[in-house]
> 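The structure is given below, and queries will be raised subsequently.
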Amino acid sequence: MFTSPYADVEIPDVTIYEYLFGRLGGEDLDRIALVDGTSGAEMSYGQLVGRIDATAGWLASHGAGRGTTVGLFCPNVPAFAVVFHGVLRAGAAVTTVNALFTADEVGSQLSDAGASWLFTISPFLERAEAAAQAAGIPAERLVVLDGGEPAAAAGHPSLADVLEAALPAPTLSVDPHAAAVVPYSSGTSGTPKGVLLSQYNLVANVAQSRAFFRVTSDDVLLAVLPFFHAYGLTVLLNLALGERARLVTMPKFDLAEFLRITQDHRCTYLFIAPPIAVALAKHPLVDQFDLSSVRAVLSGAAPLDGELGHAVAKRLGCTMLQGYGMTELSPVSHAIPRDGAERVPLDSVGYTVPNTECKLLDPATDEEIEIPAEGPSAPGQLLVRGPQVMLGYLNRPDATAATIDPDGFLRTGDIATVTADGVVTIVDRLKELIKYKGYQIAPAELEALLLTHPLIADAAVIGIHADDGEEVPKAFVVRQAGAELGDGDVLEFVAGRVAPFKRVRSVEFVDVIPKSASGKILRRELRARA
Ligand code: AYL
């Protein structure tokens, strides 16, 4: 077992609202919390909290509270923070939905999570309405944040309606240990599942990662990583709000716009995933902007190549950091600390965050691996225990039991090494998960979809590395006897039914999918073949 080399931090037993805004006052009320990077519209901390309270009051007056789950299907805009915290303040739970999802994918998540409300923006209305219908959510419970005439005519309230009602936040006691946020993740196997995070999990993870990332009230953060994902939610949104920093939101990534916003808003801290690091290191466009305000860049959600990280640091003249974790860990368990970053290799994920214990298990035997006095340990599956570990998966006791052991250690499905001074390096992935640009793709989800094709007898999906280094899904397909089915048919079939980032990129027809005696797909054999 190994622990964080850092002293434990205090984790107050309070709601995330109390933790982040309980002591807000004085000059901070007028400080800018959020800026819409597209329109330039600003929201102060005082306005943010006022709107959160009004949203909570409005929801409560409409019967939403403890036991209610609200879907939030929205890209990064300042109002995301209002709805997210408003829902939790009302004692309800929020399930955050990927903005790239198809209507069917949104509908499935809302149904699985038991959501009875949905908040969205008008450009997403068509998908949101179809999803709400599939999940049995009536028009008056589908709130369109920027709703105009057409939304109102269809019976949808808008955020303006909510705020104009100006109802006080309900006085109720919310249990910080109850499930409050339900993002979806496939974890170490199978299809996406609702990850039950408590408000305490969120408070803990902000408290644990503060000292590592050292965001201050002087920082201006570029918020392009999605708030609906645990990285954007905890490390970017909540951490920054707690420090009274300024967040400049971008609803979707576009390199030129990313660079323009960084320059025009004098952003000091960029939160990215590795594909953006590639652009920052190599793209000629970067030279056309003044990025001198940038002091630190944090990459996470997928492995960062050390040389690439150094190239970014050199080109921007800033400190480069890397974070590691999992949605199931709220999400941070490891990171390179901003103070002393240069002492830690950039292809490592740094140290274990405070209040956290880890162990490495031999992947073949599950025996605990010894840590040598010199050099890195043998590779083993990383297990993590701490206050950031999820409560479990929604309605999936089997998957919960397979993921969290009886001692409370969560199996990450990642293979790591550790040195005696506690530097952890992720060296491989044991689990099925495919990571494309930091987004999760669950092979089991694509396999289940392929099996619904009438001409497909069997199928398996694995991740392969594309020419640009990204991991992409490749499908092995067994045709039905005598069926005529080409690559293009398979690619098109999947593309028509999933979010663009989940698309299968290559197909190989085979006679049989290799399986174990118990029927498990032998992915290693397929990987060897690919
Ligand atoms: P999920 N290096 C290698 N693999 C990583 C890394 C990394 N730095 N970060 C995440 N992964 C992989 O739930 C790993 O396989 O959360 C892990 O199990 O979408 C899986 O992605 C989890 O994927 C931050 C920033 C934590 C981000 C995160 C993790 C959010 C990803 C701390 O500072």
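Read the numbers this way: they start at 1 and go in the same order the structure lists the ligands and their atoms. Small disclaimer: the values here were computed from a predicted structure and weren't measured.
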> Just heavy atoms, cut-off under 4.0 Å: does Thr327 contact ligand 1 by side chain, backbone, both, or neither?
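Near ligand 1, Thr327 shows its backbone as well as its side chain.
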> Name the closest protein heavy atom to atom 30 (C) of ligand 1, giving the residue it belongs to and the distance to 0.1 Å.
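It is His229 CE1, 3.5 Å.
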> Kindly indicate whether a cation-pi arrangement holds for Arg523 with Phe476, taking the cut-offs as under 6.0 Å to the six-membered ring centre and within 45° of the axis.
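Here Arg523 fails the 6.0 Å and 45° test against Phe476.
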> Hey, does Leu298 come in under 3.5 Å of ligand 1, counting only N/O atoms on both sides?
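N/O-N/O distance below 3.5 Å does not exist for this pair.
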> Just let me know how Met326 lines up against ligand 1, side chain, backbone, both or neither, with a heavy-atom cut-off below 4.0 Å.
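Contact part for Met326 vs ligand 1: both backbone and side chain.
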> Please report whether ligand 1 has a polar contact with Gly300, defined as an N or O pair separated by less than 3.5 Å (distance criterion only).
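There is no such contact.
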> I want to know whether Phe124 and Phe73 have ring centres closer than 6.0 Å.
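So the answer is yes for these two rings.
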> For the CD atom on Glu368, are there more than 12 heavy atoms of other groups (residues, nucleotides or ligands in this structure) within a distance under 6.0 Å?
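Yes, because the 6.0 Å sphere around CD of Glu368 holds more than 12 heavy atoms from other groups.
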> Any side-chain heavy atom of Pro226 sitting closer than 4.5 Å to one from Tyr439?
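Yes; the side chains approach each other to less than 4.5 Å.
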> Looking only at distance, does Lys435 have an N or O less than 3.5 Å from an N or O of ligand 1?
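Right, the criterion is met.
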> Contact between ligand 1 and Gly413 is defined here as a heavy atom of the residue under 4.0 Å from a ligand atom; is it met?
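The answer is no: ligand 1 sits nowhere under 4.0 Å from a heavy atom of Gly413.
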> Contact between ligand 1 and Ala302 is defined here as a heavy atom of the residue under 4.0 Å from a ligand atom; is it met?
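It does; at least one heavy atom falls under 4.0 Å.
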> Any nitrogen or oxygen of Arg429, side chain or backbone, less than 3.5 Å from one on ligand 1?
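Yes, at least one N or O pair falls under 3.5 Å.
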> Any heavy atom of Phe213 closer to ligand 1 than 4.0 angstrom?
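A heavy atom of Phe213 does come that close to ligand 1.
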> Between His229 and Tyr231 (side chain of the first, backbone of the second, donor and acceptor by atom type, cut-off under 3.5 Å), is there such a pair?
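Yes: the side chain of His229 pairs with the backbone of Tyr231.
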> Please state which option from Phe212, Tyr439, Tyr324, Tyr231 has its nearest heavy atom closest to atom 26 (C) of ligand 1.
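Result: the heavy atom closest to atom 26 (C) of ligand 1 is in Tyr324.
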> Does ligand 1 have an atom that lies less than 4.0 angstrom from a heavy atom of His334?
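No; His334 lies far enough from ligand 1 that no heavy-atom distance drops under 4.0 Å.
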> Taking only residues two or more places apart in sequence or in another chain, which ones pass ring-ring contact (aromatic ring centres under 6.0 Å, His included) with Phe213?
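For Phe213 there are no ring-ring contact (aromatic ring centres under 6.0 Å, His included) partners, ignoring immediate neighbours.
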> Okay, side chain of Ser293, backbone of Thr268: is any donor-acceptor separation there less than 3.5 Å?
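Side chain of Ser293 to backbone of Thr268: no pair is present.
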